[in-house]
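Remember, predicted model here, so these are calculated numbers, not experimental data.
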Amino acid sequence: MAAVPGRAQRQRGGGMAAAAPLGAVGLAPPRLFAPFAAAAGLRNTSRSFAARPGECSETVNAEIKSLYRRPPIKPKPNMCIESMPSEMLMKIFSYLDAVSLLCVACVNKRFYHLANDNVIWLKIYSGCFPPKRTIWKTKSVQTETVSLSCAPIQDRKPGYWKKEYVLKQIAAITTRVMQLVKPVDPYTGLPSRIKKAIKASGLSWMIVLKDRNGKEHVMEQADLSFKDTSVTIFWYSASWPCLDILSTLKLFGVTPLLLDQSKAPSKNGPRRRSLIAEYDLSNLTESNVALGANKLVQLFSLNPGLLVGLWKGKNEIALVMASLHYHQLLERSTLGSATVQYVLPPNKPILDDVDPEYGLHDYDLHLDMHSGSCTYLCGTFKSLFCRKGDIENGYLRLTVVSLKDNAKHVPLIGTVGLSWETDAFKGNVKDCYVMDVTLLDETRKPFWCFSAPVCMELSSKASSLCDYTGCVYTTDYADSEGKVCVELVWLEETKEYFIVSLVLYVSTEKVNNWYGTNY
């Protein structure tokens, strides 16, 4: 005989039957729905189902509908710094330093006017350059520092104290640099503390590659190498633009507008550019002969002093190197503009400097041959002269080392080769190096100076000297002011090169412009 279900069982069964409308609206059974109900704020749902089934289902449906009928939450408005009131922005700007203020002024027109506020810049100015006032008394002179907080700010145009601060900072840096470049090396005639002067000025160098569409690619310097008379700058990157689309390369000297001696110069702050040289890259491989090559790179030289390395077998740039002579380097790197190069001032000639019968006399030559950390030759040759008969074909000839004078033949130290480096590779190109020439006139002033990568080429002629029986190599360099011809002999026994002939050819146009003569 079957058992009759009890009241509790009938109530539970009725509760389940009454809950059927929940399935009609796409809801889960009560046990599965419990977590969602709890999250929605419904308590004791199981008891409600058991006690009042019909009322419970209506209550649950009403609660669920209320969840969907709640008004949507309005998104908070975007709060950006540009929407802030001017008073708040001025308060924020008052905590910035001078470099940050100059950067903020470049954001938009409103920030520019706010960042020019005289109150902010007067605070910066007085903190860096505290004014001093002299009070005269009957018996003594007393000097005290006066605050500029009560200065007539409103009487000044906006940006007045900003301009005063910037100009005074530039003047202070210029004064410090000029003091460093005053001492002159007696052998080279160049500033002996130029490395410190470059660091004090915050000077660096950058190149700008421009393609045929007018787009510019800026490359910051990667490394530096200082020598006695020149500095070599290296650029290497993994993201060079394609050489096929490039038209020009510009070399700039870059100095920060404001320099903090306690920090490294920032690349994001305001900086000034000075154009040093511009090179044509449109037909680099067709119009130029390769200076040298190894298994990885091929080197091409462009006057003045630029070296472009291409990956061998590809038309892609591997590295760029520039050799800059110290003569007027700071002026060329800082006093030009972004579009115009600095022009050297004309020389004031000495009336009796050039003897019409004997030509040039009492000249000195300082010669450096180097690459990377290696120096192959560093020497000074004194008392050079040129007779009137040595002036021909538009050049004045200065013989530095003669074939016939064995006592003046000079050896090169080490294995000659030009070092190169990229992000991933480094190497050496044999028989290439950097040559620095510093020719001083009789007053020990730099007369003709350059620094350029050159190479040694094997000559077809044999050595005419009895003391040397090895192969003969030649190095030739030429620019608008003169030529250099070097003849070297390789000695197999000692594994070294000897310079057996060194001749300088100075352009008569250069001499006439320097002395006011008419050769």
Side-chain angles (χ1 to χ4, degrees), residues 185-190 227-230 232 291-292 323 325-326 360-386 390 396-419 428-441 444 446-459 461-478 482-506:
D185 190 299
Y187 294 100
T188 64
L190 303 170
K227 291 297 180 181
D228 286 353
T229 56
S230 70
T232 304
L291 188 73
S323 300
H325 198 279
Y326 287 158
L360 306 180
H361 53 85
D362 202 20
Y363 275 55
D364 290 349
L365 171 68
H366 187 83
L367 181 65
D368 284 295
M369 296 179 177
H370 60 86
S371 173
S373 59
C374 300
T375 299
Y376 309 119
L377 175 67
C378 180
T380 301
F381 304 87
K382 293 183 173 294
S383 302
L384 305 179
F385 61 90
C386 169
D390 296 329
L396 290 84
R397 187 178 67 197
L398 292 172
T399 302
V400 183
V401 177
S402 175
L403 279 170
K404 300 178 180 180
D405 191 353
N406 294 355
K408 291 186 177 181
H409 295 174
V410 184
L412 300 186
I413 301 173
T415 303
V416 177
L418 186 62
S419 302
N428 188 280
V429 178
K430 187 180 178 182
D431 295 340
C432 295
Y433 58 94
V434 178
M435 180 166 61
D436 300 341
V437 167
T438 308
L439 184 62
L440 308 179
D441 63 12
R444 299 301 176 266
F447 174 67
W448 179 33
C449 304
F450 71 84
S451 177
V454 295
C455 68
M456 298 188 301
E457 296 181 351
L458 182 62
S459 177
K461 68 176 185 178
S463 175
S464 59
L465 301 175
C466 300
D467 297 338
Y468 306 99
T469 57
C471 298
V472 178
Y473 291 82
T474 59
T475 295
D476 296 312
Y477 171 85
K483 300 186 298 182
V484 179
C485 297
V486 184
E487 185 175 323
L488 306 98
V489 175
W490 170 254
L491 294 184
E492 188 65 32
E493 295 82 3
T494 57
K495 303 293 182 182
E496 60 183 348
Y497 290 97
F498 266 82
I499 296 179
V500 297
S501 176
L502 174 58
V503 182
L504 305 183
Y505 295 90
V506 184

Tyr187, OH: over 12 other non-hydrogen atoms inside 6.0 angstrom: no

Polar contact flag, side-chain donor to acceptor under 3.5 angstrom, His370-Asp436: yes

Test item: side-chain donor near acceptor, Asp431 and Tyr497, under 3.5 Å: yes

Contact check, side chains of Arg397 and Tyr505, non-hydrogen atoms, under 4.5 Å: yes

Validation row: Met369, Leu412 side chains within 4.5 angstrom (heavy atoms): yes

From CG (Asp362) to OG (Ser383), nearest 0.5 Å: 5.5 Å

Looking only at atom types and distance, does a side-chain atom of [X] sit under 3.5 Å from a main-chain N or O of [Y], one as donor and one as acceptor?
X      : Y      : answer
Ser501 : Glu487 : no
Ser371 : Ser419 : yes
Tyr433 : Gly417 : no
His366 : Thr229 : no
Thr188 : Leu190 : yes

Partner residues of Ser323 under the side-chain hydrogen bond (donor to acceptor under 3.5 Å, both in side chains) criterion, sequence neighbours left out: none

Under the side-chain hydrogen bond (donor to acceptor under 3.5 Å, both in side chains) test, residues paired with Thr232 that sit two or more places apart: none

Do you know which two heavy atoms are closest between [X] and [Y], and how far apart they sit?
X      : Y      : value
Ser451 : Val434 : OG-CG1, 3.7 Å
Gly189 : Leu440 : N-CD1, 4.1 Å
Asp364 : Lys382 : OD1-CA, 3.3 Å

Sidechain N-carboxylate O distance under 4.0 Å for Lys227, Asp368: no

Parallel, tilted or perpendicular: ring planes of Phe447 versus Tyr363, cut at 30 and 60 degrees: perpendicular

